[in-house]
Undergrad: 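A single structure is presented below for examination.
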Amino acid sequence: MTEIKLSKYLSLFKEVSIAPLIIFRIIFGVLMFLGTIRFISKGWIEQLYIDPDYYFGYLGFEWIKPLEGQLMYLPFLLLLISPLFILLGFLYRASSITFFICFTYIELLDKSNYLNHYYFVSLIALIMIFLPAHRNFSIDTKIWPKIKTVSTKQWTISLIKLQLAIVYIFAGIAKLNSDWLIHAKPLKIWIQAHHNIPFIGPLMQQEWLAYLFSWTGCCYDLFIVFFLLSNRSRPIAYLFVIVFHLLTWYLFPIGVFPWVMIFSTLIFFSPKFHERILNLLSRSNWKKNVIENIKLSHTRKKIIISLLTLYIAIQIIIPFRHVLYPGNLFWNEEGFRFSWRVMIMHKVGLATFYMVDPKTGRESEINNSKFLTRTQEGQMATQPDMILQYAQILKNYHHGKTFHYGNQKFLIENPEIRAKIYVSVNGRPSQLFVDKKHDLTKLEYNLSHRTWLEPFNK
Amino acid sequence: MRVKRTIRVYLSLAILLLLNFSCKKDCDEVQPAFSKAVLLENVADNIILPALNDFESTLSSLESSFFTLQTDPNQESLNAVRANWKASYMQWQMVKIFDFGPIRTNGFKGAVGTYPTDTVRVNSNIINGGYNLSTADNADAIGFSALDFLLYRNDALIDFISNEEYFQYTLDVIQKMKNEFALVKSQWSTYNSTFIAGTGTESTSSFSLLVNEFNRDYELAKNGKLGIPIGAGTLGIQLPEYIEARNSGISLELLQESMRALRIVYMGNNSGSGLGFYDYLVDLEKSSLASTIDANFNQIINTVETFNGSLESEMGSNVSGLNELYNLVQSQVVNIKTDMTSSFGVLITYQDNDGD
């Protein structure tokens, strides 16, 4: 019964005020609604999910395809409605499941669009499905008054805090590398580009500022959670949260992420704080209510503990999986995604692909823009798994086709696809990344270490 | 109390770092820091505006010489039209780099610089009349490339004298270019201040546009002017019908001029005294990359000089020379598109980005 003891120690099943969860639900609903509006108004549905001819699916999820043409608006319509339902606490379970499925479906379509904060939203949406965040201050409690409660088990709130802690701490650990700490890269590259902003522009060209940002950013990520946990330091810590994220919002094109973090972090505040907000919103007095104590059965507790342990273990193992691979993480990108490596790398590549007709030995240089969007091309040029996927796209396109050039005909069968790719990491001069000697169609796309990449010279 | 202490710790840390790093560089020698604002102003005032003015005047000369051909239809007049067309086409190599602002919104680059021309379409327009040169169907039947066909056909002079529709069509093509450019230029005078102010890092800022269009123009020149005709994309099978300005045979001169224009933008001006990408790279302590790019431009320009014939004749006699030239042009792409652009911290896409 050790896990039960541990759960007692962590007070996982202690009854606490449900107010923080309610506020979190409302914030999540509002932000996701606004996020979808922003996404739609920028024309990104067309650009990212209708216009491209090809998509880069995730390993094992390549069967997930976009809907035909304008039908692609449908999941986004649901992403517009479901956050409103979540916010109002209306058909909460169904709405949160809908939101999670639609959001995750869209993210799985094309890894060219992978962002850590989209992954974060997917995880939070998944967690939300299992939380009783609709059991007060909601339309659901008007329809089904029985579900109304003023308390929740402690784990429901702790889990969100833990998820935020994972994001922050791993983002901090990711910064513990020589480029970040010793060379202040890539911040040095990114910050200097702002040297014409009013007043503080010239500061942006100062080397010490890049170092200051790098080091404080790293410390912030590593330790902010601990200061948020303590009642005494929380107010000043939250001030840091606001300043930090506003600064990143001002300097970098990271979309809604700063707002998501600023508002999500409110979960660390005391129940009283959240109750006060709810009182303001409803003009009622939350304090009158008493905390009930609902006993959970032993098995139920055990199930919850097992699931929590599993989830947390996965969350901790995934960002560390890169240690299983030899070589430089920034160069090989083996175990790079889903690890909270936010804004830590400036990687740019130039990929020139060649289709070689094995019968004649003749080769054609490929015009990448004929096949890929600019975003896709840019991402593909630096990410080995996408390079292999693109080679397959090119092979399938050419295989079995007859090409008429001048007065000659070429029937292409099983073409070789080769590439000469140069990549620059964090402002270093570009180096050969993939040599033309490999027929990329012969290389398998899997999780094993890739030996066909050229070595990285520091 | 705690708040105060935190702030104090923070401030002293900041001051410590400030003392540590601020004196590593520039302490003995204070020089004005590089500024994108100054670069954009230089490019606008000393490169773009003069280029637009020159282009406008070459188009006027082209039109007036064409009217002279009408009143004085002889070979000499036709030669004068051809010379003006060529001068204008050469000037276009600079203007076409700036495919943003009014040039982009008016679709001027496509309307003037699309090649090869659809000669069947041109002929049918002339025979059938009633054409509207602004439709998408006619995108391949207008601009410099259409004029290359119309002015350099063997029977061109005879047709100008005896075929009124042929004359009218040529005039329509010239005047369309001239009139549309007049609009572009007038809009540019208001856009100019927007351009100079766009020093930000977002992909829509003018600095980003300039860098991106610089790269795009380079790659277009590489592919369109050289790669496609010599068969780089077609299993080595040459496509002479894709040669730019095939009838006049000036394609290599255009390639060379295009590279010269790109180099001028890169250097900040012809002699290198104005601020350009070169100076930005030097400021970022990338002097060796900065010089490599300049040296490569010069090498490309000089190599093109060594070809005596037109691109079409060289494609018959000097395939290996052209392949070498193509590899040389190709090798520059990584310098400007990857190394230079990434040093500037410029974004190429419109999407959100969290740096991975």
Side-chain angles (χ1 to χ4, degrees), chain A residues 42 44 47-48 113-117 186 189-190 192-197 202 205-208 211-212 215-216 232-233 235-236 252-255 257 336-337 341-346 348-350 352 357 360 362-367 374-375 378 403 405-406 408 410 422-424 427 429-430, chain B residues 2-3 6-7 10 13-14 17-25 33-37 40 197 199-203 207 223 227 231-241 283-284 286 288-289 330 333-335 337-339 341-356:
Chain A
K42 295 221 171 204
W44 288 349
Q47 263 182 52
L48 303 183
N113 305 323
Y114 171 81
L115 291 183
N116 285 296
H117 77 248
I189 305 167
W190 292 336
Q192 63 75 25
H194 291 278
H195 66 248
N196 285 115
I197 57 176
Q205 281 162 316
Q206 298 299 316
E207 205 169 29
W208 59 262
Y211 280 95
L212 184 69
W215 281 75
T216 46
R232 287 174 64 194
S233 58
I236 179 96
F252 310 119
I254 48 181
F257 185 63
F336 196 87
R337 290 187 203 101
R341 298 177 202 287
V342 190
M343 306 292 297
I344 62 158
M345 182 169 72
H346 188 56
V348 184
L350 176 72
T352 315
D357 173 21
T360 60
R362 288 171 172 273
E363 66 174 36
S364 284
E365 186 186 317
I366 301 294
N367 180 358
R374 254 180 137 179
T375 308
F403 294 86
Y405 297 137
Q408 301 196 49
F410 297 90
Y422 290 93
V423 164
S424 157
S430 56
Chain B
R2 179 159 283 263
V3 176
T6 321
I7 292 175
Y10 218 76
L13 195 82
L17 281 163
L18 200 145
L19 290 174
N20 252 334
F21 297 113
S22 63
C23 262
K24 247 174 90 178
K25 202 175 77 172
F34 173 84
S35 164
K36 282 192 274 187
L40 288 179
T199 52
T201 55
E202 65 279 12
S203 57
F207 185 77
N223 294 328
T234 48
L235 295 169
I237 306 299
Q238 296 180 343
L239 303 177
E241 65 274 24
D283 180 74
L284 294 168
K286 304 237 166 182
S288 116
L289 173 65
Q330 171 86 300
V333 180
V334 69
N335 296 329
K337 202 178 177 185
T338 308
D339 290 42
T341 305
S342 75
S343 305
F344 293 165
V346 158
L347 294 169
I348 61 154
T349 52
Y350 299 86
Q351 269 79 51
D352 290 346
N353 180 311
D354 66 4
D356 53 21

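Only a predicted model underlies this, so the values are computations on that prediction, with no experimental measurement involved. The figures that follow rest on heavy atoms only: side chains count, while hydrogens, waters and symmetry mates do not. Sequence lines set the chain letters: A, B, ... in the order given, protein chains first and strands last, and positions in each chain run from 1.
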Undergrad: In the structure I gave you, are the side-chain heavy atoms of A/Leu350 and B/Val333 within less than 4.5 Å of one another anywhere?
TA: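 The answer is yes, as the side chains (C-beta and beyond) meet within the 4.5 Å cut-off.
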
Undergrad: Could you tell me whether a side-chain N or O of A/His195 sits under 3.5 Å from a main-chain N or O of B/Lys36, the two making a donor and an acceptor?
TA: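 Side chain of A/His195 to backbone of B/Lys36, a donor-acceptor pair under 3.5 Å: yes, one is there.
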
Undergrad: List the atom of A/Gly406, the atom of B/Leu239, and the distance in Å for their closest heavy-atom pair.
TA: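 Answer, listing the atom of A/Gly406 first, then B/Leu239: N-CD2, 4.1 Å.
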
Undergrad: Please rank B/Thr199, B/Thr338, B/Thr234, B/Thr201 by heavy-atom pairs under 4.5 Å with chain A and give me the top one.
TA: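 Heavy-atom pair counts peak at B/Thr234.
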
Undergrad: Where on B/Asn223 is there a heavy atom nearer than 4.5 Å to chain A: the side chain, the backbone, both, or neither?
TA: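 Looking at B/Asn223, just its side chain touches chain A.
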
Undergrad: Less than 4.5 Å to any heavy atom of chain B: does that hold for the side chain of A/Thr352, its backbone, both, or neither?
TA: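 Side chain only.
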
Undergrad: Pick whichever of B/Gly227, B/Ser342, B/Gly200 has the most heavy-atom pairs under 4.5 Å with chain A.
TA: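 Option with the top pair count is B/Ser342.
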
Undergrad: Could you look at B/Leu235 and say if it's the side chain, the backbone, both or neither that has a heavy atom under 4.5 Å from chain A?
TA: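 For B/Leu235, heavy atoms of backbone and side chain both lie under 4.5 Å from chain A.
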
Undergrad: Examine whether an atom of A/Glu363 lies under 4.5 Å from a heavy atom of chain B, and if so say whether it belongs to the side chain, the backbone or both; otherwise answer neither.
TA: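 Backbone of A/Glu363 only, per the 4.5 Å heavy-atom cut-off to chain B.
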
Undergrad: Is there a side chain to side chain contact (heavy atoms under 4.5 Å, CB included) between B/Asp283 and A/Gln192 once you walk through the steps?
TA: CA-CA 11 Å; B/Asp283 180 74; A/Gln192 63 75 25; 5.9 Å; no

Undergrad: Need one label for A/Pro202: side chain, backbone, both or neither, based on atoms under 4.5 Å from any heavy atom in chain B.
TA: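 Interface part for A/Pro202: neither.
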
Undergrad: Side chains of B/Asp339 and A/Ser424: donor-acceptor distance under 3.5 Å anywhere?
TA: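 Side chains of B/Asp339 and A/Ser424: no pair found under 3.5 Å.
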
Undergrad: Taking side chain as everything from C-beta outward and backbone as N, CA, C, O, which of these in B/Ser343 sits under 4.5 Å from a heavy atom of chain A? Side chain, backbone, both or neither.
TA: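 Backbone only.
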
Undergrad: Quick check on B/Gln330 against chain A: is it the side chain, the backbone, both or neither that has a heavy atom closer than 4.5 Å?
TA: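 Side chain of B/Gln330 only, per the 4.5 Å heavy-atom cut-off to chain A.
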
Undergrad: What are the two closest non-hydrogen atoms of A/Ala193 and B/Phe344, and how far apart are they?
TA: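 Smallest heavy-atom distance, with atoms named: CB-O, 3.6 Å.
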
Undergrad: Answer yes or no: is there a side-chain heavy-atom contact under 4.5 Å between A/Phe410 and B/Ile237?
TA: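 The answer is yes; the side chains approach within 4.5 Å.
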
Undergrad: Chain B: which of A/Val423, A/Ile189, A/Asn196 shares the most heavy-atom pairs with it under 4.5 Å?
TA: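 Of A/Val423, A/Ile189, A/Asn196, A/Asn196 has the most heavy-atom pairs under 4.5 Å with chain B.
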
Undergrad: Between A/His346 and B/Gly345, is there a donor-acceptor pair closer than 3.5 Å when you use the side chain of the first and the backbone of the second?
TA: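 No.
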
